[in-house]
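For reference, the structure is listed below as structure tokens.
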Amino acid sequence: MEILMQALPGFRDFFPADCARRNYITGTWRRVAQTFGFQEYDGPTLEAMELYRKKNSGGEILGQLFSFTDKGEREVALRPEMTPTLARLLIAKVRDFRKPIKWFSIAPFFRYEKQQSGRLREFLQLNCDLVGDASLGADAEMIALLIETMRAFGLTAEDIVVRVSDRRAWTDFLTSEGVIEVAAVREVLAIIDKLERESRESLEIKLAVFGLKLATIEDFIASAQPDFFTALKTNLEARGLGDFCELDLRIVRGLAYYTGTVFEVFDRRKERRALAGGGRFDRLLFDLSDGKTDLSAIGFGIGDVVLGDLLESIPTTKALMDASIAQQLACDIFIVIADESRRPEALGVIGLLRAQGRRVNYSLSADKVARQFKDANASGAMIAVVIGEEWPLVKIKDLKSRTESTWDQAALADWSANLQTPAP
RNA sequence: GUGGCCGUAGCUCAAUGGUAGAGCCCCGGAUUGUGAUUCCGGUUGUUGCGGGUUCGAAUCCCGUCGGCCACCCCA
């Protein structure tokens, strides 16, 4: 296969079935976010590189920037995440909106890394952010939105878990242990982040630099019961979502701008990377605006790649997704022109049905009836309407039950008008 | 960026160093206005690409590109 005929590494083609699958995911995201009263926004795909440098996201994001110099000698980058763009929009027009601001976006993102399981160079992400409310109720609302989004795909507490943590709990604890400087705290958190992946010996050595022992850290993780979590759990239990949520102080997240509550969603079997992640970033807007805008914020992102993989691996969620895909690819009605001399009448019926919003297919040129029924069957239509010698009556064939009956045109129009086409 | 495995038809895969194949898909047909099955026929390969070894390479070696996976980090 010539290279020209392939997408670039880490980029995807979307054939109709892939588009339908994507629509299922993004449509579900959009629907749930709207039920929580969130409004959709978007920004440019390309941003000035400076935006990401200034925000100091930390972690690998700077190294993974898909960046280049444009024809005007500007250093630019395809956006690797939404938060800097959101911050830019908010700082520009923050006084135009009543608080709290509840916004979501569904957009493509780019990271230049080697593709592997669950990781591509271009992916979609749902971003939900709540700005201007620092209360615990806001944290709970965001985590509830995250859980409800997952539930909308048929995922249950048996399938996924939200691991919740709090950076304030860590800073308080580290302060009591004598680690006070901001830079030192950040470094220790980076070590905590690797707790599940690195050897005990290596962790012990790294912690010793800050006068810490691994046992002390593990004690804290095992025994700490921060007040915020008790309240959060009570809130979620009132919504019937308590089973989804667990305290797990090992979660600290790599991005530097998080200040309080942080959380990540994983599959229960721990076979995959994080499905979603987020947290509170109460200082980001202040820092980015050089002190002009001071608003607390909490948000999360869900990527489409790991989520899509997980949905395909669970029979019940796969069935829901496949049903949506089939529904999107199908048409509603197939017109069989059994007598070619009736084509003008058939085109009239087709136009009427289409005006009602029905999805209608038919043979564009004279075809044998057998061929037309084969096409009707493959089209996914519920019924075939045979137009021929019965005219002005039409023969209706239910393609599933294979039964036929003769209707007048008013009955067809009536049936069609009442047909509900479900949303993706 | 580092390392491991892999690369044969549109897809899934066969072929001891000795003539590149099968299934699926797609297209056409099986006399009259009826689609699931069946039957018949048909298209498709610079064996990813470039070198090397050999009388002879899909097969062995080197390079390169691409895919999958791990590390790093994370959606």
Side-chain angles (χ1 to χ4, degrees), chain A residues 1-13 15 25 29 57-64 79-83 106-128 146 149-150 190 193-194 196-198 251-256 258 262-267 271-279 299-310 334 336-342 363 366-381 383-391 394-404:
Chain A
M1 178 64 63
E2 306 114 74
I3 288 171
L4 274 179
M5 298 308 289
Q6 295 182 41
L8 286 167
F11 288 77
R12 292 174 286 183
D13 294 319
F15 287 89
I25 291 175
W29 282 347
S57 304
E60 283 290 300
I61 284 208
L62 276 177
Q64 292 179 343
R79 61 184 169 199
E81 56 163 334
M82 200 59 180
T83 307
I106 294 167
F109 295 91
F110 305 84
R111 292 187 195 172
Y112 198 92
E113 62 178 328
K114 208 161 181 175
Q115 65 169 318
Q116 56 187 298
S117 175
R119 289 294 175 266
L120 299 172
R121 286 181 175 179
E122 181 186 20
F123 55 95
L124 294 168
Q125 211 177 72
L126 166 69
N127 275 268
C128 297
L146 176 56
T149 304
M150 295 298 181
D193 190 39
K194 293 185 174 61
E196 291 175 280
R197 300 191 294 270
E198 248 182 271
I251 302 290
V252 294
R253 297 188 55 74
L255 294 174
Y258 289 115
V262 289
F263 47 90
E264 291 183 354
V265 180
F266 287 89
D267 64 299
E271 286 173 351
R272 298 168 195 282
R273 296 159 194 281
L275 287 128
F300 66 79
I302 307 178
D304 74 309
V305 183
V306 182
L307 175 63
D309 288 349
L310 181 66
F334 195 100
V336 172
I337 303 173
D339 176 355
E340 187 57 27
S341 71
R342 293 293 184 193
S363 288
D367 256 325
K368 292 182 178 171
V369 171
R371 168 70 202 207
Q372 294 186 61
F373 270 96
K374 278 185 187 172
D375 288 342
N377 194 44
S379 76
I383 62 166
V385 177
V386 182
I387 294 177
E389 62 197 17
E390 304 85 351
W391 189 264
V394 295
K395 200 176 271 182
I396 305 295
K397 180 154 189 177
D398 184 311
L399 289 166
K400 267 218 177 75
S401 67
R402 304 167 75 81
T403 55
E404 280 186 333

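Proteins get letters first, then strands, A, B, ... in listed order; numbering begins at 1 in each.
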Write down the distance separating the [atom1] atoms in [N] and [M], rounded off to the nearest Å.
{"N": "B/rG45", "M": "B/rG21", "atom1": "C1'", "result": "12 Å"}
{"N": "B/rU43", "M": "B/rU54", "atom1": "P", "result": "39 Å"}
{"N": "B/rG4", "M": "B/rC62", "atom1": "P", "result": "12 Å"}
{"N": "B/rG28", "M": "B/rG63", "atom1": "C1'", "result": "46 Å"}
{"N": "B/rU59", "M": "B/rG18", "atom1": "P", "result": "11 Å"}
{"N": "B/rA58", "M": "B/rU53", "atom1": "P", "result": "16 Å"}
{"N": "B/rU64", "M": "B/rC6", "atom1": "C1'", "result": "15 Å"}
{"N": "B/rC68", "M": "B/rU32", "atom1": "P", "result": "49 Å"}

Identify the two heavy atoms, one from [X] and one from [Y], that lie closest to each other, and give their separation to 0.1 Å.
{"X": "A/Asp398", "Y": "A/Lys400", "value": "OD1-N, 2.9 Å"}
{"X": "A/Phe334", "Y": "A/Gln372", "value": "CE2-O, 3.6 Å"}
{"X": "A/Ala384", "Y": "A/Phe373", "value": "CB-CE2, 4.1 Å"}
{"X": "A/Glu264", "Y": "A/Ala274", "value": "OE1-CB, 4.3 Å"}
{"X": "A/Leu399", "Y": "A/Ile383", "value": "CD1-C, 3.8 Å"}

Each nucleotide of nucleotides 26-34 of chain B classed B (base within 4.0 Å of a protein heavy atom), S (only sugar-phosphate) or -, in 5' to 3' order, makes --S-S--BB

side-chain contact (heavy atoms from CB on, under 4.5 Å) for A/Lys374 and A/Lys368? Distances and angles first, verdict last.
CA-CA 10 Å; A/Lys374 278 185 187 172; A/Lys368 292 182 178 171; over 6 Å; no

Has the side chain of A/Glu113 got a donor or acceptor that lies under 3.5 Å from a partner of the other kind on the base of B/rA75?
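Such a pair exists between side chain and base.
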
Could you state the [atom1]-[atom2] distance from [X] to [N], rounded to the nearest angstrom?
{"X": "A/Leu275", "N": "B/rC73", "atom1": "CG", "atom2": "C1'", "result": "16 Å"}
{"X": "A/Asp267", "N": "B/rA75", "atom1": "CG", "atom2": "C1'", "result": "14 Å"}
{"X": "A/Gln64", "N": "B/rC71", "atom1": "CD", "atom2": "P", "result": "14 Å"}
{"X": "A/Arg111", "N": "B/rC73", "atom1": "CZ", "atom2": "C1'", "result": "9 Å"}
{"X": "A/Ile251", "N": "B/rC73", "atom1": "CD1", "atom2": "C1'", "result": "14 Å"}
{"X": "A/Arg79", "N": "B/rA75", "atom1": "CZ", "atom2": "P", "result": "16 Å"}
{"X": "A/Arg121", "N": "B/rC73", "atom1": "CZ", "atom2": "C1'", "result": "15 Å"}
{"X": "A/Leu399", "N": "B/rG35", "atom1": "CG", "atom2": "P", "result": "12 Å"}

Taking the six-membered ring of A/Phe266, is NZ or CZ of A/Arg272 closer than 6.0 Å to its centre and within 45° of its axis?
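The answer is no; the distance or angle limit is not met.
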
It should be established whether A/Arg273 places a side-chain nitrogen or oxygen under 4.0 Å from OP1 or OP2 of nucleotide B/rA70.
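Affirmative; the distance criterion is met.
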
So which one's nearest nucleotide on RNA chain B is more toward 5', A/Ser401 or A/Ala190?
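Mapping each residue to its closest nucleotide by heavy atoms, the 5'-most match is A/Ser401.
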
Verdict with supporting geometry, A/Leu124 and A/Ile25, side-chain contact (heavy atoms from CB on, under 4.5 Å):
CA-CA 10 Å; A/Leu124 294 168; A/Ile25 291 175; over 6 Å; no

Taking everything shown except A/Phe11 itself, do over 12 heavy atoms lie less than 6.0 Å from its CZ?
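Buried by this count: over 12 neighbours within 6.0 Å.
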
Indicate yes or no for a side-chain donor-acceptor contact from A/Arg79 to the backbone of A/Phe110 under 3.5 Å, with no hydrogens or angles considered.
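Judged by distance alone, no pair lies under 3.5 Å.
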
Does A/Arg273 use its side chain to pair, donor to acceptor, with the backbone of A/Ser117 at less than 3.5 Å?
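Checked: pair present.
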
Just to be sure I understand the rule, does A/Ala276 reach a base, reach only the sugar-phosphate, or reach nothing, if contact means heavy atoms closer than 4.0 Å?
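Sugar-phosphate, backbone atoms only, no base.
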
Test log, rule side-chain contact (heavy atoms from CB on, under 4.5 Å), inputs A/Leu146 and A/Phe263:
CA-CA 10 Å; A/Leu146 176 56; A/Phe263 47 90; 3.6 Å; yes

According to the Watson-Crick and G-U wobble definition with distances under 3.5 Å, which dot-bracket string, read 5' to 3', encodes RNA chain B, using [ ] for crossing pairs and | for pairs with another strand?
(((((((..((((....[..)))).(((((.......))))).....(((((..]....))))))))))))....

Can you check whether A/Phe109 stacks with the B/rA75 base, using ring centres under 5.5 Å and planes within 30°?
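Not stacked: fails the 5.5 Å / 30° test.
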
Considering only nitrogen or oxygen atoms on both sides, find all protein atoms under 3.5 Å from nucleotides 67-69 of chain B and state each distance.
from   : atom 1 : to       : atom 2 : distance (Å)
B/rG67 : OP1    : A/Gln115 : NE2    : 2.7
B/rC68 : OP1    : A/Gln115 : OE1    : 3.4
B/rC68 : OP2    : A/Gln115 : OE1    : 3.0
B/rC68 : OP2    : A/Gln115 : NE2    : 3.1
B/rC69 : OP2    : A/Ser117 : N      : 2.6

Check whether any side-chain heavy atom of A/Val336 lies under 4.5 Å from a side-chain heavy atom of A/Lys397, and answer yes or no.
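No, their side chains stay 4.5 Å or more apart.
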
